[in-house]
Asker: 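Here it is, the structure, as structure tokens.
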Amino acid sequence: MFESKQIFSGEALTCAQAKAASVRRLSRTCVSIPTVNGNFRKNPQWILAGFVALDTRKSPDAKAVKRRLEADQGECKLDFGCCASVGTFGCDGADSTTFRLESQAAGRFLMEVMARLQACGTAPAIDDRAYGKWMDAQSLPAGL
């Protein structure tokens with residue numbers, strides 16, 4: 001889950017944290033898939049949440065950003081993020097609450113996204129029938 005904004009701000013980070021929590025609370029399904037080696041089932045894993053912005057109105061106060069990111073490390077946690085013109089947090093092995101000023105922020109962020117996705121490996125197989133049942137329930141007229 002990524003939140004993207006034109007301008008990096010504390011309010012935008014808080015909004016992204018709330019959206020991350022709402023996505024992580026969704027019910028997820030998976031099924032086994034047949035392979036040459038037998039059936040394989042990969043359970044859903046932690047949903048990565050990130051934030052990216054193009055610029056900032058003023059240079060971010062690293063301590064204020066850290067306080068904002070530390071406010072909720074549960075479902076609201078932002079794993080990594082970037083303000084392309086200024087810096088990153090949670091990239092290149094850094095703590096996810098430490099904002100680091102750097103000149104190549106966008107490039108470092110892109111490399112981090114690719115590394116994190118690679119580490120996730122194969123995606124779980126979606127239980128399509130569970131979605132079909134949900135669609136059936138949504139399309140029934142009231143009273144039936």
Side-chain angles (χ1 to χ4, degrees), residues 1-140:
M1 190 252 36
F2 284 94
E3 176 79 1
S4 65
K5 297 288 184 187
Q6 288 288 332
I7 302 297
F8 185 90
S9 70
E11 294 78 28
L13 286 175
T14 299
C15 181
Q17 288 172 313
K19 287 179 181 178
S22 72
V23 169
R24 288 176 175 142
R25 283 192 291 265
L26 293 172
S27 174
R28 296 190 290 159
T29 63
C30 65
V31 294
S32 295
I33 56 172
T35 71
V36 151
N37 298 321
N39 285 340
F40 173 76
R41 179 185 183 108
K42 180 165 184 180
N43 291 321
Q45 53 197 354
W46 176 256
I47 294 173
L48 292 172
F51 179 84
V52 62
L54 183 60
D55 206 353
T56 182
R57 289 194 176 94
K58 60 180 183 173
S59 185
D61 175 359
K63 288 182 182 177
V65 172
K66 185 173 181 67
R67 280 193 307 275
R68 181 81 60 154
L69 293 171
E70 285 177 338
D72 190 337
Q73 288 291 292
E75 291 178 329
C76 293
K77 179 181 180 178
L78 293 178
D79 299 292
F80 51 107
C82 172
C83 178
S85 65
V86 181
T88 63
F89 62 89
C91 292
D92 201 23
D95 175 28
S96 66
T97 63
T98 301
F99 191 81
R100 191 163 72 183
L101 300 174
E102 50 191 325
S103 61
Q104 301 291 327
R108 183 172 307 278
F109 180 71
L110 175 62
M111 295 296 111
E112 186 68 22
V113 170
M114 292 191 315
R116 298 275 184 112
L117 292 175
Q118 183 180 39
C120 290
T122 303
I126 296 171
D127 184 352
D128 296 313
R129 289 189 174 116
Y131 284 97
K133 289 176 187 174
W134 178 85
M135 290 168 56
D136 288 345
Q138 300 302 310
S139 63
L140 291 174

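Side chains are part of it too, since the values below use all heavy atoms of this structure and drop only hydrogens, waters and symmetry mates.
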Asker: Using distance alone, with no hydrogens and no angle criterion, decide if R68 and T14 have a side-chain donor and acceptor under 3.5 Å apart.
Answerer: yes

Asker: Provide the full list of side chain to side chain donor-acceptor pair (under 3.5 Å) pairs with a residue in residues 37-53, sequence neighbours left out, each pair given once.
Answerer: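 As it turns out, the side chain to side chain donor-acceptor pair (under 3.5 Å) pairs with a partner in residues 37-53, which skip direct neighbours, are R41-N43, W46-D79.
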
Asker: Can we say E3 and K19 salt-bridge, meaning some charged N sits less than 4.0 Å from an Asp/Glu carboxylate O?
Answerer: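 Looking at E3 and K19, the cut-off is met.
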
Asker: Between F51 and F109, is any pair of side-chain heavy atoms under 4.5 Å apart?
Answerer: no

Asker: Under 4.5 Å between any side-chain heavy atoms of D127 and R28, yes or no?
Answerer: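 D127 does not reach R28 side chain to side chain.
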
Asker: Are C120 and L48 close enough, and set up right, to give a side chain to side chain contact (heavy atoms under 4.5 Å, CB included), and what steps lead you there?
Answerer: CA-CA 10 Å; C120 290; L48 292 172; 4.1 Å; yes

Asker: Does this structure show an ion pair linking R116 with E112, if we count only N-O contacts that are shorter than 4.0 Å?
Answerer: yes

Asker: Do R67 and T97 touch side chain to side chain, with heavy atoms closer than 4.5 Å?
Answerer: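 Side chain of R67 against side chain of T97, heavy atoms only: no contact under 4.5 Å found.
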
Asker: Between T29 and R129, is a side chain to side chain contact (heavy atoms under 4.5 Å, CB included) present by the stated rule, with each step listed?
Answerer: CA-CA 10 Å; T29 63; R129 289 189 174 116; over 6 Å; no

Asker: Which label fits F80 and F2: parallel for a plane angle under 30°, tilted from 30 to 60°, or perpendicular past 60°?
Answerer: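 It falls in the perpendicular class, over 60°.
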
Asker: Roughly how far, to the nearest 0.5 Å, is the CH2 atom of W134 from the OG atom of S27?
Answerer: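 The OG atom of S27 sits 12.0 Å away from the CH2 atom of W134.
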
Asker: Less than 4.5 Å apart, any side-chain heavy atom of E102 and any of T88?
Answerer: yes

Asker: What heavy-atom pair brings P44 and C30 nearest, and what distance separates the two atoms?
Answerer: CD-SG, 3.6 Å

Asker: Mind checking whether L13 and L78 have side chains closer than 4.5 Å, heavy atoms only?
Answerer: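 When only atoms from C-beta onward are counted, L78 and L13 do touch, with a gap below 4.5 Å.
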
Asker: Show the nearest heavy-atom pair for residues C82 and A105, with the distance to one decimal.
Answerer: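 Minimum heavy-atom separation between C82 and A105: SG-O, 3.7 Å.
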
Asker: Please identify each residue that fulfils ring pair (Phe, Tyr, Trp, His ring centres under 6.0 Å) with Y131, with sequence neighbours left out.
Answerer: none

Asker: D55 and F8: side chain to side chain contact (heavy atoms under 4.5 Å, CB included), yes or no, with the steps?
Answerer: CA-CA 6 Å; D55 206 353; F8 185 90; over 6 Å; no

Asker: With no hydrogens and no angle check, is any side-chain donor or acceptor of R24 less than 3.5 Å from a backbone partner on K77?
Answerer: yes

Asker: Answer yes or no: are there more than 12 heavy-atom neighbours, outside I126 itself, under 6.0 Å from its atom CD1?
Answerer: no

Asker: I need the C83 SG to K5 NZ distance, nearest 0.5 Å.
Answerer: 14.0 Å

Asker: For a 4.5 angstrom cut-off between non-hydrogen side-chain atoms, does F40 reach T35?
Answerer: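 Contact flag for F40/T35 side chains = yes.
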
Asker: Identify, with sequence neighbours excluded, every residue that meets salt bridge (Lys or Arg N to Asp or Glu O under 4.0 Å) alongside K133.
Answerer: none

